[in-house]
Amino acid sequence: GESVGLHLPTLSVQEGDNSIINCAYSNSASDYFIWYKQESGKGPQFIIDIRSNMDKRQGQRVTVLLNKTVKHLSLQIAATQPGDSAVYFCAENRGTGANNLFFGTGTRLTVIP
Amino acid sequence: GAGVSQSPSNKVTEKGKDVELRCDPISGHTALYWYRQSLGQGLEFLIYFQGNSAPDKSGLPSDRFSAERTGGSVSTLTIQRTQQEDSAVYLCASRPKGREWYNEQFFGPGTRLTVL
């Protein structure tokens, strides 16, 4: 399954399938991006980050892709598990000030067993 | 070690009352942030503390909101004369020294505030 930017706030996938969550950012000067996972009743948890001089970064079962040309970021989760059900936020870092991390509204991922 | 903790986890109050929300950051973390998360919304920056520097209060929505950080550790967010629109989850995050560029923030579980 695939969601497009922040206009589709929900995504449902079958357990074992791959998930792709997309995020469009607005500031071409943003130099650093983070994906957070927020489970119900908990605070956001860092998943993976990527600097603007990279196109791809891989973690454990997760991959982040960055397309600076179209200001697009995606999070790919391989072999999605029920424990992956959560809201996923992208955040863009726009500078060095305190209020420099801007968060999207998030996409709710539901994994169907 | 322990993560960021916040208390209370839930707070229900009546309109017009004052509330205090507490954040215990990870020991040794020099930076502390407060955010507000309204239903279905992204995180809204409120205030930032960094060491002994003056806090960045640019995100506080009104003068009813204030925060302090004592001894460079525990922080308290105070909302005076609460309004129904203050209902939200208030999140605290801390960041270790030396990670400023990466802005790697560790979040607490949040306090869910409901103003009746």
Side-chain angles (χ1 to χ4, degrees), chain A residues 3 5-11 21-27 29-54 57 59 64 66 73 86-109, chain B residues 2-10 21 23-26 30-51 53-61 67 69 88-96 99-112:
Chain A
S3 71
L6 302 176
H7 303 292
L8 282 175
T10 62
L11 174 65
I21 301 171
N22 296 306
C23 180
Y25 63 94
S26 57
N27 194 321
S30 295
D31 56 5
Y32 175 62
F33 304 87
I34 309 172
W35 279 101
Y36 284 93
K37 172 186 180 182
Q38 186 174 23
E39 297 175 271
S40 181
K42 299 183 179 180
Q45 178 186 8
F46 174 94
I47 302 175
I48 192 167
D49 59 1
I50 188 168
R51 295 174 62 168
S52 60
N53 61 352
M54 303 171 68
R57 190 168 187 212
V64 56
L66 175 62
L73 192 70
V87 175
Y88 290 81
F89 296 92
C90 67
E92 58 177 302
N93 189 74
R94 296 179 183 175
T96 57
N99 185 19
N100 58 346
L101 201 62
F102 290 82
F103 294 83
T105 55
T107 296
R108 179 175 298 281
L109 174 66
Chain B
V4 177
S5 62
Q6 293 185 244
S7 61
S9 55
N10 281 283
L21 312 179
C23 172
D24 285 81
I26 295 172
T30 56
L32 187 148
Y33 295 78
W34 281 98
Y35 293 90
R36 179 167 67 177
Q37 185 177 34
S38 301
L39 188 64
Q41 300 297 315
L43 274 65
E44 175 189 4
F45 167 80
L46 296 177
I47 190 169
Y48 163 71
F49 296 90
Q50 172 60 59
S53 301
D56 180 337
K57 305 179 182 180
S58 60
L60 295 178
R69 188 179 185 191
V89 175
Y90 289 82
L91 290 162
C92 174
S94 68
R95 187 188 70 210
R99 299 290 292 175
E100 288 81 6
W101 195 92
Y102 290 95
N103 210 341
E104 185 177 358
Q105 299 180 27
F106 295 81
F107 284 84
T111 294
R112 180 174 297 278

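Quick note on labels: first sequence line is chain A, next is B, and so on, each numbered from 1.
For A:Q38, the part sitting under 4.5 Å from any heavy atom of chain B is the side chain, from C-beta outward, and nothing else. Only the side chain of B:Q37 comes within less than 4.5 Å of a heavy atom in chain A; its backbone stays farther off.
In terms of heavy atoms, A:G43 sits closest to B:L91 at CA-CD2, 3.9 Å.
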